[in-house]
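So the structure is just underneath, and the comments pick up after that.
Counting convention: from 1, in listed order, for ligands and their atoms alike.
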Amino acid sequence: MTQEENLNKYEKWTEREVFSRMHILPETPFFIRLDGWRFKKLSETLKVEKPFDKKIAECLVFSGRMLFKKGFNPALIFVASDELNCLFLKAVPFSGRVEKVNSVLASIVSSSFSLSIEEKFKERSIVAFDSRVIVAQNENKILDYLSWRQLNAWRNHNNAYAYWIFRKIGCKPAEIAEKLKGLKTEELHETLFKHGVNLAKTPLWQRRGILLYKEPFLKKVEDQVVTRWKIKENWKLPLFTSKRGAKLIQQILKWTEQKRKSDCQGKRKLGKSKS
Ligand SMILES: Nc1nc2c(ncn2[C@@H]2O[C@H](COP(=O)(O)OP(=O)(O)OP(=O)(O)O)[C@@H](O)[C@H]2O)c(=O)[nH]1
Ligand SMILES: [Mg+2]
């Protein structure tokens, strides 16, 4: 058998890559949610501050920044709890191949997070993130999805503070779980207030998350004023359900489109000057 025939014999294996043909529909905005794997355990191993450690949030933000630096163009990344929610509009990585997008993004975030942990905690840790695709379809759905994740962050925030306080006063984990199940949000606020925690006055990033996006700024270059872009870290977010929140997201979506168009123009000009 020739080498060619031998290779043909194995060709059928590519047909068995049964999930590799899965694509996100073109022109469809989607989120990739990357969630820290076993972060409860990790936070215990690293002895991170309870209920929130700013260094963990900074590691997540660093990992999000790395996605921009490695050439991906998400419109925004919403960071909360142990997750990163990356929104993609028209600049879709890997033509929307689901396996490729999920695995490469999770790998970049996991390795960046591990490096960042080593720098901040002086400890080596193997960190992993799982990754999933959420199809968002249009602007309303984008806002709705972000509002959901922000509400989830608020709920986690309340539970994390409650857990921390109840542990401090000597309750056992199983007892706390029972207590939390039976308490309404109002009652939880009152109980924690009695123990010196005002859930409405904790740092905003703990309650509402952090947003990363590209923001334009003007720069003078040889007597000309040109638009440049920098990554903005917004640690003081409004509620996405508020008017201010909706306006911020609309603004970011407009900037994303403006940047995409100017990048396309730039590429065309470069192509012409080369030919
Ligand atoms: N103490 C502390 N814990 C944190 C911090 N950030 C994240 N965590 C932990 O991370 C967990 C995130 O929730 P989950 O994603 O549901 O838990 P997980 O252990 O990562 O579980 P899987 O995602 O299913 O693997 C929280 O419950 C906390 O235990 C932090 O700043 N401080
Ligand atoms: Mg997790």
Side-chain angles (χ1 to χ4, degrees), residues 31-67 77-86 102-103 105-134 145-146 148-181 183 185 188 192 195-197 199 201-212 233-237:
F31 283 94
I32 298 289
R33 182 161 82 246
L34 301 138
D35 183 295
W37 179 63
R38 290 190 172 173
F39 265 40
K40 192 172 180 346
K41 180 97 189 70
L42 180 77
S43 63
E44 287 161 8
T45 314
L46 293 173
K47 299 188 183 64
V48 310
E49 256 180 59
K50 287 177 185 168
F52 283 91
D53 193 323
K54 197 164 184 209
K55 285 193 282 184
I56 291 283
E58 285 166 350
C59 291
L60 287 165
V61 166
F62 173 81
S63 312
R65 276 181 168 273
M66 269 306 150
L67 290 178
I77 302 179
F78 176 57
V79 177
S81 185
D82 66 339
E83 65 185 49
L84 289 102
N85 296 276
C86 316
N102 273 334
S103 55
L105 263 61
S107 304
I108 292 175
V109 165
S110 304
S111 51
S112 310
F113 195 91
S114 298
L115 289 174
S116 194
I117 283 284
E118 190 171 357
E119 198 190 306
K120 287 194 189 291
F121 292 88
K122 309 293 170 225
E123 280 224 32
R124 284 192 171 183
S125 236
I126 300 293
V127 183
F129 282 75
D130 66 41
S131 176
R132 71 196 68 187
V133 177
I134 303 100
Y145 174 81
L146 288 169
W148 172 46
R149 292 329 290 164
Q150 199 176 43
L151 183 66
N152 191 61
W154 166 241
R155 205 189 53 196
N156 285 346
H157 159 273
N158 294 348
N159 285 342
Y161 269 98
Y163 193 87
W164 173 61
I165 288 287
F166 289 140
R167 281 298 277 162
K168 260 184 153 183
I169 58 171
C171 298
K172 297 208 168 75
E175 247 178 272
I176 301 174
E178 252 338 281
K179 264 183 196 285
L180 287 180
K181 249 193 257 165
L183 277 182
T185 314
L188 184 74
L192 294 195
H195 288 93
V197 176
L199 286 176
K201 289 274 156 64
T202 57
L204 220 45
W205 63 268
Q206 296 182 0
R207 282 182 273 144
R208 297 191 182 163
I210 306 150
L211 202 61
L212 302 182
E233 279 179 25
N234 191 335
W235 290 67
K236 289 196 173 145
L237 288 177

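- Given atom 21 (O) of ligand 1, the protein heavy atom at minimum distance is R38 N, 4.0 Å.
- Scanning all protein heavy atoms for the shortest distance to atom 10 (O) of ligand 1 gives F39 CB, 3.4 Å.
- Within D82, OD2 is the N, O or S atom that lies nearest to the Mg ion (ligand 2).
- E49 has no carboxylate O lying under 4.0 Å from a charged side-chain N of K55, or vice versa, which leaves the two without a salt bridge.
- Nearest protein heavy-atom neighbour of atom 17 (O) of ligand 1: D82 OD2, 4.4 Å.
- Counting heavy atoms under 4.0 Å from ligand 1, residue A57 does not touch it at all.
- Atom 29 (O) of ligand 1 is approached by the protein to below 4.0 angstrom, counting heavy atoms only.
- Nearest to atom 23 (O) of ligand 1 by heavy-atom distance, out of D35, L46, D53, is D35.
- A 4.5 Å side-chain heavy-atom check between Y163 and K50 finds every atom pair outside the cut-off.
- Nearest protein neighbour of atom 6 (N) of ligand 1, counting heavy atoms only, is I56 CG2, 3.9 Å.
- Side chain to side chain, R155 and N152 meet the donor-acceptor criterion of an N or O pair below 3.5 Å.
- Residues W164 and I176 form no side-chain contact, since every pair of their non-hydrogen atoms from C-beta on lies 4.5 Å or further apart.
- The shortest N or O to N or O distance between P51 and ligand 1 is under 3.5 Å.
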